[in-house]
Every structure is written in C-alpha cells, then in structure tokens.
Amino acid sequence: MAPTTLAPNLREIALLFDMRADFIEGHPYGSGHINDTYCATFDQAGRKIRYILQRINTHVFKTPVALMENIERVTRHSLGQLLADGCPDARRRTLTCIPSVDGKPYAIDPLGNYWRIYLFIENASGHDEIQTNEQAYQAARAFGNFQKLAAGLGGARLHETIPDFHNTPKRLEALRRALEADSSNRAAALKPEIDFALNRAADCARIHDLIASGAIPERVTHNDTKLNNVLLDDLTAEGVCVIDLDTTMPGSALYDFGDMVRTATPTEPEDSIDLSNLDIRLDRFDSLVCGYLDAARSFLCPAELDHLAYSGKLLTLECGIRFLTDYLQGDVYFKIKRPAHNLDRCRNQFAFVAAIERRLPEMEEIVQARSNGKTPSILAEI
Ligand code: ADP
Ligand code: GN1
Ligand code: MG
C-alpha cells in the first residue's frame, strides 16, 4: 500500500514535472495489483496528449530511487539501441520517463509519495485475458526481445528492487512463518491449500538450485511478465512495448517465460473462481514457445530450454504461495477487491499447478519439437 490512500491531486503532481503542457483531467487507469496508475490528458500547444502518472507503491518497492535508476538505465539503453537499429517508431517501443522539474526520473509530493510520469503508448493495449494464439505469440516475442535488448546493457549490475523476488524456497519459508504467526486467525480453514504448497517443497528448490550452482545463468530479466505488462498494437497485435519495469533486475529467463505460461495459457484467468474444468491450452502454450524462441533462441542455453515447460509450473506455484501468504497475513501486499480475493487467487493458481502437472509431458514435447525447428506431433490431436 502507498503511504496515503487519499485521491491524489493530479494537477499538483503534474506541476512537479517538466511537462511543458497544461493539465486537463486525470482518472484511475488499468488493473495492476501494485501501483496506483492514472491516465491524464494535457493540452500541449493546442493538442491533447495523454500521459501515465504512477504513484510507486513504496510498501512493496522500498528503494524507489534505486528502482527509478534501473528504469532510466534500461529504457535509455533500449531507446538508443532501437534508434541505432533504425526503428521508425522507437519512442513507442520503450517506456519514456518525463523528468521532474529538478531533472530526476521521479518526484516526491508533499506527503512523501514517489511519482513518475511516462509517455502514454497510444493505439496499443494490455490484455488481462489473452484472446488469440497470435496475441500469445506476439507477447512472448516482445518479452524475449526485451531480454535480448537488456542483455546489451553495460555498466554495474542493476539494483535488486525486491531482494529474493523469485527465490521460491524463501517464498515457501515466508508462507511457513505466516502460518506460524497466523496474525489474522485464518490458518485453521486452509489445510488443503497449505498442504498443497508444503508438499511441493522440492519443486520450489529445483530451478533455484540450478541457478545457485551456475548451471542456469543470471540475466537482466523483467520478472513480472504477466500478459497485461506488454502492450499489443490495437491494429496488428504486434507486441509494441513491454511496461511495468519495476522488477527489471538480475534474474532468470525462466522466471519470465514461466510467468507468461502462468498468465497466457490457463483456460480461466487468474481472477476466475470457476475451477471445475481449469486446464492448460496446449495450442496457446505452443504459440508462447514459438514467440519466445523466435526472439530468444539465439541466446538461451540448453539447461534453460530443458526447463521452459517446468518454469510454468514453478511460477504458478510461487504466485499461489504468495497469494496464500498474503491472505494469512491479512491482505497487506496485493490489492484486493473482496475479502477472500487472495484465497480465491491462491486456489486458482494451485488448480492450475495441478493442471500443468497432468500435462507436463505434452508441454515438454512441444518445447522439444519447437527447439529443434519441428512441429509438435501432439498438436495435430488438439
Ligand atoms: P502495476 O505495477 O500496478 O501492474 P503497471 O505499470 O502495469 O502497474 O500499469 C498499470 C496499467 O496501466 C497497465 O496494465 C497498462 O494498461 C497501463 N499502462 C502503464 N504504462 C503505460 C503506458 N506508458 N502507456 C499506456 N498504458 C500504460
Ligand atoms: C503483481 O504489478 P502486477 O499487477 O503486474 C506482482 C507479480 C504477481 C502478479 C500476480 C511487484 O503484478 O509478481 O505475479 O501481481 N508484482 C509484484 O497477478 O509483486
Ligand atoms: Mg502491471
């Protein structure tokens, strides 16, 4: 949660930035679980121009200055590379921070809130639910290209904006601690969910251990590749711009691919409570694999390819554990819209983990075939 929940005076926030335009109006925007996002329209020499104003959630991101330094570095690098490659609409393909009046990529309001303003990427949308395989392909390719661009970032290692963000064994430890504390007296009713998580301790450690041993390399990754964190062109469906860069930091390519599987391939979205027939769409999984490999084939190592399918299970399990922990702690992290929202989300994620467990051999076959440039034979049966 941000330090204040009062509706902000966006006109006054805008004055903290070097806008060179007059504020007209602003309203809450998007469906992110973390930051407070607003879309605001400004009059710029007689033209109406939209911007994204965001109050950074400093309960979640405790080092906002370091976070914005990361974002500045990554977006400047991306822009430079896109321009050097002759990209005709480079400004649409990476976030652009508007500087504050004192030249920083953020500003602090009188209440101590941290704000930033981005150029609005027009004629493109984030989708909470993916509708077509083409969208899945394009989104995965965009995230793969993002990793490719970020790989060329020189200089110091990026700051870890949330330490141990995808350290799944530590996420399980946090669940154990929340269970012991039981600060909201909710644990008694949660035995099936708690057992589900604790029975999968070995799963939580698998990729973590490969990274710790050096078998899987550290890369600059996005770490929150939920499908609504890439904007797709409204006309062509092409993945135009990867957004929500708060967690861009050292990580694993598998975290990014796994979170795409988690959000793009279930037959029901994360927020659904209808879990009776929840399954993975293998045709959509195939599109994700194709899109991601089209961008990332050149740099992925064999150990990463071997774990692409499994990463979907890991990231879904981890996310379910995080929702359950937050529910046990009294809903202090994720924004909720109803009292048992986090529990519902946890049940959804665990049901999807179970679906992946049933389908993992078929997923592995798809990855194997596509890695070798072949069409997976099982797709003919779908
Ligand atoms: P959160 O961290 O809370 O998920 P995001 O950075 O993802 O916040 O932003 C929330 C939503 O705002 C996104 O899902 C997207 O719809 C929209 N959005 C964010 N940045 C832009 C941008 N530069 N242009 C257009 N829409 C944006
Ligand atoms: C949050 O910020 P948003 O809504 O894109 C969360 C992700 C979770 C996701 C679950 C910084 O993503 O890690 O996977 O919710 N982001 C952070 O929907 O914790
Ligand atoms: Mg988001």
Side-chain donor-acceptor distances from residues 136-144 under 3.5 Å, at least two apart:
| residue | atom | partner | partner atom | Å |
| --- | --- | --- | --- | --- |
| Tyr137 | OH | Asp294 | OD2 | 2.4 |
| Gln138 | NE2 | Glu134 | OE2 | 2.8 |

Using every non-hydrogen atom in the two residues, find where Leu278 and Pro266 come nearest and quote the distance to one decimal.
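Closest pair (atom of Leu278, atom of Pro266, distance): CD1-CB, 4.1 Å.
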
Show the nearest heavy-atom pair for residues Leu245 and His222, with the distance to one decimal.
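Where Leu245 meets His222 most closely, the heavy atoms are CD2-CD2, 3.7 Å.
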
Before you tell me yes or no, could you show the steps for Tyr118 and Tyr51 under ring-ring contact (aromatic ring centres under 6.0 Å, His included), namely the whole-Å CA-CA distance, both residues' side-chain angles and the distance that decides it to 0.1 Å?
CA-CA 6 Å; Tyr118 291 126; Tyr51 291 86; over 10 Å; no

Hydrophobic cluster (4.5 angstrom, side-chain heavy atoms) - remaining members for Ile194
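Besides Ile194, the cluster holds Leu172, Leu175, Leu179, Leu190, Phe196, Leu198, Leu317, Ile321, Leu324, Tyr327, Leu328, Leu343, Phe350, Val353.
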
Considering only Ile, Leu, Val, Met, Phe, Trp and Tyr, and joining two whenever side-chain heavy atoms are under 4.5 Å apart, list the other residues clustered with Leu83.
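Grouped by the 4.5 Å side-chain rule, Leu79 form the rest of the cluster around Leu83.
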
Can you see whether [X] engages [Y] through a side-chain donor-acceptor pair at a distance of less than 3.5 angstrom?
| X | Y | answer |
| --- | --- | --- |
| Glu365 | Ser377 | yes |
| Ser100 | Asp102 | yes |
| Asp128 | Ser31 | yes |
| Asp271 | His341 | yes |
| Thr225 | Asp256 | no |
| Asp195 | Asn199 | no |
| Asp36 | Gln54 | no |
| Gln147 | Tyr292 | yes |
| Asn342 | Arg345 | yes |
| Glu25 | His27 | yes |
| Asn35 | Asp246 | yes |

Any chance [atom1] of [X] has more than 12 other-residue heavy atoms, nucleotides or ligands included, within less than 6.0 Å?
| X | atom1 | value |
| --- | --- | --- |
| Arg338 | CZ | yes |
| Lys170 | NZ | no |
| Ile108 | CD1 | yes |
| Arg76 | CZ | no |

Listed by chain and number, what are the ring pair (Phe, Tyr, Trp, His ring centres under 6.0 Å) partners of Phe323, not counting sequence neighbours?
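For Phe323, the residues satisfying ring pair (Phe, Tyr, Trp, His ring centres under 6.0 Å) (neighbours in sequence not counted) are Phe334.
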
Under the rule for ring pair (Phe, Tyr, Trp, His ring centres under 6.0 Å), what residues qualify as partners of Tyr255, not counting sequence neighbours?
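Partners of Tyr255 by the ring pair (Phe, Tyr, Trp, His ring centres under 6.0 Å) criterion, ordered by chain and then number, come out as His166.
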
For Asn229 and Asp224, indicate whether the former's side chain and the latter's backbone hold a donor-acceptor pair under 3.5 Å.
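Checking the backbone N and O of Asp224 against the side chain of Asn229, a donor-acceptor pair under 3.5 Å is found.
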
Is there a donor-acceptor pair under 3.5 Å between the side chain of His77 and the backbone N or O of Arg73?
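It does not hold such a pair.
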
Side-chain touch His159/Thr63, heavy atoms, less than 4.5 angstrom
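No, side chains not in contact.
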
Just how far is it from atom OG1 of Thr263 to atom CE of Met260, taken to the nearest 0.5 Å?
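Those atoms lie 8.5 Å apart.
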
Do the charged groups of Arg262 and Glu318 touch, with an N to O distance under 4.0 Å?
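Looking at Arg262 and Glu318, the cut-off is not met.
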
Do NZ/NE/NH1/NH2 and the carboxylate oxygens of Asp89 and Arg93 come within less than 4.0 Å?
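Salt bridge flag = yes for Arg93 with Asp89.
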
Would Thr221 and Asn223 count as a side-chain hydrogen bond (donor to acceptor under 3.5 Å, both in side chains) here? Give the steps.
CA-CA 6 Å; Thr221 51; Asn223 295 303; 3.2 Å; yes

For the residue pair Arg206 and Tyr310, would you count it as a cation-pi contact if the rule is NZ or CZ under 6.0 angstrom from the ring centre and within 45 degrees of the ring axis?
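Yes; both conditions hold, so Arg206 lies above the ring face of Tyr310.
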
Would you please classify the geometry between the Trp115 ring and the Tyr38 ring as parallel, tilted or perpendicular, with 30° and 60° separating the classes?
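Tilted, since the angle between the ring planes falls between 30° and 60°.
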
Listed partners of His208 passing side chain to side chain contact (heavy atoms under 4.5 Å, CB included), at least two apart:
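For His208 the side chain to side chain contact (heavy atoms under 4.5 Å, CB included) partners, ignoring immediate neighbours, are Asn167, Pro169.
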
